[in-house]
*Asks:* 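Dropping a structure here in structure tokens format, bear with me for questions.
Any value given below was found using the heavy atoms of this structure, including those in side chains, with hydrogens, waters and symmetry copies removed.
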Amino acid sequence: MDKNTPIIIAGMHRSGTSMVTNILQKLGLTIGSKLDSNHESIFFQRINIWMMSLLGSSWDSPKNFENIDRAVKKNIITQLNKLLDSRTNSLYFGWSSIIKKGSFSDIDRPWGWKDPRNSFTINIWKEVFPNLKSIYIIRHPIDTAESLLRRQKKEQKKDIQREKKYSDLVKSLLSITHTSYNSSMLLNSYDDCFSLIDSYYAQILNNAATQEALVVKFEDIISDPENGIQKILDYCNLTYNKNDVINISKGIDPSRRYAYRNNPDLLKFESSFNKLIEDMGYSS
């Protein structure tokens, strides 16, 4: 693999992207020095947020860059290249790189980043890194919707209970990377979640049809983790120790596969969203 070729991990939120990223990190993939709780590089996450904001979109109301003006697209790419080569990349390489500036053009180890937003910004990243490797993780939509709505309610409760300060409002006005709320204002029901999942899957299909990509089911990884992990590693051309893969595989919980089937209240969605389920390659 070319030393400056990134491995980009994407897919719908709550679909298993964090699990895959954590596995690859344990096997030697550099994903950044400063990460959030979901193993997302703060540096690339903020760039994706900025790019999506240019379209008036966000992770919970996404749009792609397929129909933007060519001159605008070229200008965005120019800005990205300057940003990647600036000292702000210390958010990825670590603060020590401020003295000896890190560079994505001569990085000497396997590297990449994870962010579900990559699903919609990948066409721009492809212009910056033409040989990038992209991995999309998909998961049964009912399990994804349940996990997403559960997280939404948890974050919403925290947002309501957390004391708001004047400084929080000022931050949200001054920077798109700060807000007084962590929860989505748009996801309030299972229908909302399924609609968002449909949007992400449609974009993943479009990406996979127009560029080299690996689409992997979350369930395939946890049902046969050794082969599932090796498939991803082989696609990325990453060298690995087979014993390390075996040890990591032992720690994967197979009970997360089709967990919704243990909840009668969720089984009703099999008929309600049968088309999406079948389109994604799952049979009810």
Side-chain angles (χ1 to χ4, degrees), residues 2 4-13 15 17 31-32 36 38 40-86 88-89 91-92 103-105 111-138 148 172-179 181 184-187 192-215 276 279-280:
D2 295 338
N4 64 340
T5 299
I7 295 168
I8 296 182
I9 303 161
M12 175 61 196
H13 300 257
S15 63
T17 55
I31 60 171
D36 74 355
N38 294 311
E40 293 177 16
S41 164
I42 298 297
F43 180 66
F44 284 102
Q45 181 192 73
R46 289 181 178 179
I47 293 175
N48 276 335
I49 291 172
W50 167 69
M51 282 200 287
M52 294 189 81
S53 75
L54 299 177
L55 299 175
S57 70
S58 58
W59 74 268
D60 52 356
S61 181
K63 298 177 184 177
N64 60 44
F65 288 80
E66 293 175 4
N67 298 316
I68 65 170
D69 182 84
R70 289 185 179 181
V72 173
K73 183 177 182 180
K74 183 178 179 180
N75 184 257
I76 292 172
I77 294 167
T78 298
Q79 292 184 70
L80 281 181
N81 282 319
K82 289 180 179 179
L83 183 59
L84 292 172
D85 197 42
S86 72
T88 58
N89 68 24
L91 278 171
Y92 188 90
S103 173
F104 292 104
S105 63
W111 72 284
W113 74 91
K114 169 252 181 179
D115 185 354
R117 299 173 187 83
N118 290 326
S119 304
F120 291 87
T121 61
I122 194 70
N123 286 337
I124 300 294
W125 288 120
K126 187 73 173 175
E127 297 285 343
V128 178
F129 301 109
N131 298 317
L132 66 80
K133 295 277 189 176
S134 55
I135 305 169
Y136 299 98
I137 311 301
I138 65 171
L148 185 62
S172 65
L173 291 173
L174 295 178
S175 174
I176 62 170
T177 61
H178 293 91
T179 175
Y181 294 89
S184 166
M185 300 294 176
L186 303 176
L187 299 177
D192 294 336
C193 293
F194 283 114
S195 178
L196 186 61
I197 293 167
D198 195 5
S199 296
Y200 270 79
Y201 184 64
Q203 185 62 43
I204 290 170
L205 280 185
N206 182 66
N207 295 343
T210 57
Q211 57 192 244
E212 183 186 9
L214 177 67
V215 180
L276 175 60
D279 286 348
M280 291 183 67

*Asks:* Can you tell me how far SG of Cys193 sits from CG of Leu187, rounded to the nearest 0.5 angstrom?
*Replies:*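 The CG atom of Leu187 sits 5.0 Å away from the SG atom of Cys193.
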
*Asks:* Do side-chain atoms of Lys114 reach the backbone of Asn38 as a donor and acceptor pair under 3.5 angstrom?
*Replies:* yes

*Asks:* Would you confirm whether Ser134, through its side chain, and Glu212, through its main-chain N or O, come within 3.5 Å as a donor-acceptor pair?
*Replies:*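 Flag set: sc Ser134 to bb Glu212 pair under 3.5 Å.
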
*Asks:* Is a side-chain donor or acceptor of Ser53 paired with a backbone partner of Trp50 at a separation under 3.5 angstrom?
*Replies:*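 Such a contact is found between Ser53 side chain and Trp50 backbone.
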
*Asks:* Is the ring centre of Phe44 less than 6.0 Å from the ring centre of Phe129?
*Replies:*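 No - the distance between ring centres of Phe44 and Phe129 does not fall below the 6.0 Å cut-off.
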
*Asks:* Please assess Asn75 against Gln79 for the test side-chain hydrogen bond (donor to acceptor under 3.5 Å, both in side chains), listing each intermediate value before the final yes or no.
*Replies:* CA-CA 6 Å; Asn75 184 257; Gln79 292 184 70; 2.8 Å; yes

*Asks:* Please step through side chain to side chain contact (heavy atoms under 4.5 Å, CB included) for the pair Ile42 and Asp36, ending with a clear verdict.
*Replies:* CA-CA 6 Å; Ile42 298 297; Asp36 74 355; 3.8 Å; yes

*Asks:* Residues in side chain to side chain donor-acceptor pair (under 3.5 Å) with Thr78, at least two apart?
*Replies:* none

*Asks:* If you take all heavy atoms of Ser86 and Thr88, which pair is closest and at what distance?
*Replies:*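 What the structure gives for the nearest pair is OG-OG1, 2.6 Å.
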
*Asks:* Does a side-chain heavy-atom distance below 4.5 Å link Ile68 with Leu55?
*Replies:* yes

*Asks:* If you define the side chain from C-beta out and look only at heavy atoms, does anything of Trp59 sit under 4.5 Å from Gln45?
*Replies:* no

*Asks:* Going through the distances and angles, do Glu127 and Asn123 end up as a side-chain hydrogen bond (donor to acceptor under 3.5 Å, both in side chains)?
*Replies:* CA-CA 7 Å; Glu127 297 285 343; Asn123 286 337; over 6 Å; no

*Asks:* Is there a side-chain hydrogen bond (donor to acceptor under 3.5 Å, both in side chains) between Thr121 and Asn48 once you walk through the steps?
*Replies:* CA-CA 7 Å; Thr121 61; Asn48 276 335; 2.8 Å; yes

*Asks:* For the atom pair CG (Asn89) and OG (Ser103), what is the distance rounded to the nearest 0.5 Å?
*Replies:* 7.5 Å

*Asks:* For the CG atom of Leu196 and the CG atom of Leu148, what is their distance to the nearest 0.5 Å?
*Replies:* 6.5 Å

*Asks:* Does Asp279 offer a backbone N or O that forms a donor-acceptor pair with the side chain of Tyr201 under 3.5 Å?
*Replies:*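 Confirmed, Tyr201 side chain pairs with Asp279 backbone.
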
*Asks:* Is a side-chain donor or acceptor of Asp115 paired with a backbone partner of Glu40 at a separation under 3.5 angstrom?
*Replies:* no

*Asks:* Please walk me through it: do Leu186 and Asp192 pass side chain to side chain contact (heavy atoms under 4.5 Å, CB included)?
*Replies:* CA-CA 7 Å; Leu186 303 176; Asp192 294 336; over 6 Å; no

*Asks:* Test of understanding: with ring-ring contact (aromatic ring centres under 6.0 Å, His included), list the residues that count as partners of Tyr136, not counting sequence neighbours.
*Replies:*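 Partners of Tyr136 under the ring-ring contact (aromatic ring centres under 6.0 Å, His included) test: none.
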
*Asks:* Could you state the interatomic distance from NZ (Lys126) to CD1 (Ile8), rounded to the nearest 0.5 Å?
*Replies:*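 Separation between the atoms: 9.0 Å.
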
*Asks:* Taking the side chain as every heavy atom from C-beta outward, state whether Leu132 and Ile122 have any pair of such atoms under 4.5 Å apart.
*Replies:* yes

*Asks:* Trp113 and Phe43: ring-ring contact (aromatic ring centres under 6.0 Å, His included), yes or no, with the steps?
*Replies:* CA-CA 9 Å; Trp113 74 91; Phe43 180 66; 8.7 Å; no

*Asks:* With a 4.5 Å cut-off on side-chain heavy atoms, are Ser41 and Ile31 touching?
*Replies:*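 Side-chain contact under 4.5 Å: no.
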
*Asks:* Is it true that a side-chain atom of Thr17 and a backbone atom of His13 form a donor plus acceptor pair closer than 3.5 Å?
*Replies:* no

*Asks:* Measuring from atom CD1 of Ile204 to atom OG of Ser119, what distance do you get when rounded to the nearest 0.5 angstrom?
*Replies:*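 With rounding to 0.5 Å, CD1 (Ile204) is 4.5 Å from OG (Ser119).
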
*Asks:* Between Pro62 and Met52, is there a side-chain heavy-atom distance shorter than 4.5 Å?
*Replies:* yes

*Asks:* Any donor and acceptor pair, going by atom type alone, linking the side chain of Asn206 with main-chain N or O of Ala202 inside 3.5 Å?
*Replies:*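 No: the side chain of Asn206 does not pair with the backbone of Ala202.
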
*Asks:* So do Met51 and Ile76 actually touch side chain to side chain, heavy atoms under 4.5 Å?
*Replies:*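 Yes, side chains in contact.
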
*Asks:* Rounded to the nearest 0.5 Å, what separation is found between the CD1 atom of Ile47 and the CG atom of Leu83?
*Replies:* 4.5 Å

*Asks:* Quick one: does Asn118's side chain get under 4.5 Å of Ile9's, heavy atoms only?
*Replies:*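 Sidechains of Ile9 and Asn118: no contact.
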
*Asks:* Restricting to non-hydrogen atoms, name the atom on Ala208 and the atom on Ala213 that form the minimum distance, rounded to 0.1 Å.
*Replies:*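 Distance-wise, the nearest heavy atoms are CA-CB, 4.2 Å.
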
*Asks:* Can you name the nearest heavy-atom pair linking Ile138 to Met280, along with the distance?
*Replies:* CD1-O, 3.8 Å

*Asks:* Might you work through the ring-ring contact (aromatic ring centres under 6.0 Å, His included) test for Phe65 and Phe120, ending with a clear yes or no?
*Replies:* CA-CA 7 Å; Phe65 288 80; Phe120 291 87; 9.5 Å; no

